[in-house]
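This report concerns only the one structure given below.
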Amino acid sequence: MTTRITIKRPDDWHLHLRDNDMMRAALPYTARVFGRAICMPNLLPPVRTTADGKAYRERILAALPKGSKFKPLITCYLTDDTDPDDVERGFRDGVFTAVKMYPANATTNSAAGVTDYKKIERVLARMEKLGMRFLIHCEEVASGVDVFDREAVFIEQRLIPMTKRFPGLKIVHEHLSSKIGVDYVRSTGGQVGASITPYHMELTRTDWIGGGLRPYMFVMPVIKTEVDRLALREAATSGDACFFLGTDSAPHPVSRKLAQVGIPGIFAAPVAIESYVKIFEEEGKLDKLEAFASLNGPKHYGLHPNADTITLEKKPWVAPVAMKVEGPEEIALCHKGGETIEWQVVDC
Ligand code: NCD
Ligand code: ZN
């Protein structure tokens, strides 16, 4: 039985670091283990321009623990009015790694997202030319579309036409959540890659609402069925280059999770790599962990993998229940808070 594993340092290709007090509290959990992270731009207000991106990156760097080599990769929040010249400037100056699209009102802080797909075509054409990655929250939120079908409908109605219109545009289907999505990503011959969260591979909607409502499991895209969970586990542990790690760690103040209208997002950073290792162990695929966590992501982004390594051991510990946040934001509840976690990072 394997009880110790060393892999190249992983990256987190989908992370919500937030801003200010929340960011200062959450950042160390990620910076300790991961080499880089794609930092989602859905702040209030969002990271919309190169100037916003530069300022956000500086705030993150200023909050890093002393000596940390963690590299935040900043993304541009796409709106109907995004200026292709500014996107190009941001990319060429090394401020923006990618552009992120939220369909308007699909998730947390997406009100300024895209409403008119015609209007973003100039930006997509420019990104295709530049070789800049396009990250998509793949959910169709039109009225009449069931929340469990949003991913499948988006693929059919938006993503397939987009890949045909811009065949040179490399896309990331963020937080893949369904079997339909897995099959689709595999069929694109490398044009579309996908990040996969730990919790979409751990939980089903029965865990979420079948035994009392567990508001902290509410996330977008919603956690789906056992068939979907198994398909995602197979995909992640297959080693296929189109699937890679993205925690979607998304802390929220507990009051917003428990409000009359609760907010989606799971704070997974404190147990992120440990959760993935457990999944790969359960699937008998620990030999594929490094591909998923440390190699496939950089390859899809056209970047080098990290040079150094981290080591995990089977050494149980108890996950923190909550993260304390300075200022008025109180605490954020942690994924698997209070549970025993089997694997532990022993060298990073
Ligand atoms: C994310 C957040 O809280 O910012 N929430 C979530 O449910 N995943 C946004 C997102 O990635 O959809
Ligand atoms: Zn997210």
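Remember, it's a predicted structure, so these values are computed and weren't measured experimentally. Numbering of residues begins at 1 and proceeds along the displayed sequence. Every number for a ligand or one of its atoms is a count from 1 in the order of the listing. Scope of the values below: all heavy atoms of this structure, side chains included, with no hydrogens, waters or symmetry mates.
Partner of Ile7 under the side-chain contact (heavy atoms from CB on, under 4.5 Å) criterion, out of Leu286, Thr309, Val277, Ile310: Ile310 alone. Applying the side-chain hydrogen bond (donor to acceptor under 3.5 Å, both in side chains) test between Ser178 and each of His200, Glu151, Lys224, Arg229 identifies Glu151 as the sole match. Among the candidates His300, His14, His173, His175, the single residue satisfying the ring-ring contact (aromatic ring centres under 6.0 Å, His included) test with Phe244 is His300.
Contact annotation: for Glu174 versus ligand 1, there are no heavy atoms closer than 4.0 Å. Of the heavy atoms in Met40, none comes closer than 4.0 Å to ligand 1. Looking at Ile266 against ligand 1, nothing comes within 4.0 Å, counting heavy atoms. Of the heavy atoms in Arg18, only side-chain atoms (C-beta onward) come closer than 4.0 Å to ligand 1.
Ring-centre distance between Phe292 and Phe243: not below the 6.0 Å cut-off.
For CD of Glu282, the number of neighbouring non-hydrogen atoms (other residues, nucleotides, ligands) closer than 6.0 Å is greater than 12.
Looking at atom 1 (C) of ligand 1, its nearest protein heavy atom turns out to be His16 NE2, 3.5 Å. Remark: minimum distance from atom 9 (C) of ligand 1 to any protein heavy atom is reached at Thr107 OG1, 3.3 Å. Looking at atom 7 (O) of ligand 1, its nearest protein heavy atom turns out to be Met220 N, 2.8 Å. Summary of contacts: the protein heavy atom closest to atom 5 (N) of ligand 1 is Pro264 O, 3.2 Å.
Counting heavy atoms from C-beta on, the side chains of Glu342 and Glu274 never come closer than 4.5 Å.
Side-chain polar atoms of Tyr77 and Asp52 form no donor-acceptor pair below 3.5 angstrom.
The Zn ion (ligand 2) has no N, O or S atom of His175 inside 2.8 Å of it. The Zn ion (ligand 2) lies at 2.8 Å or more from every N, O or S atom belonging to His137.
Here the side chain of Glu226 pairs no donor or acceptor atom with the backbone of Thr206 at under 3.5 angstrom.
The shortest N/O to N/O separation between Ala250 and ligand 1 does not fall below 3.5 Å.
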Review point. Can you list the steps and then say if Arg150 with Glu140 is a salt bridge (charged side-chain N to carboxylate O under 4.0 Å, His left out)?
Key: CA-CA 5 Å; Arg150 283 179 177 176; Glu140 182 59 43; over 6 Å; no
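Here the N, O or S atom of Asp248 that is nearest to the Zn ion (ligand 2) is OD1.
Interface of His14 with ligand 1, defined as ligand atoms under 4.0 Å from a residue heavy atom, comprises 11 (O).
Residue nearest to atom 8 (N) of ligand 1, selected from Thr108, Asp248, Thr197, Leu15: Asp248 (by heavy-atom distance).
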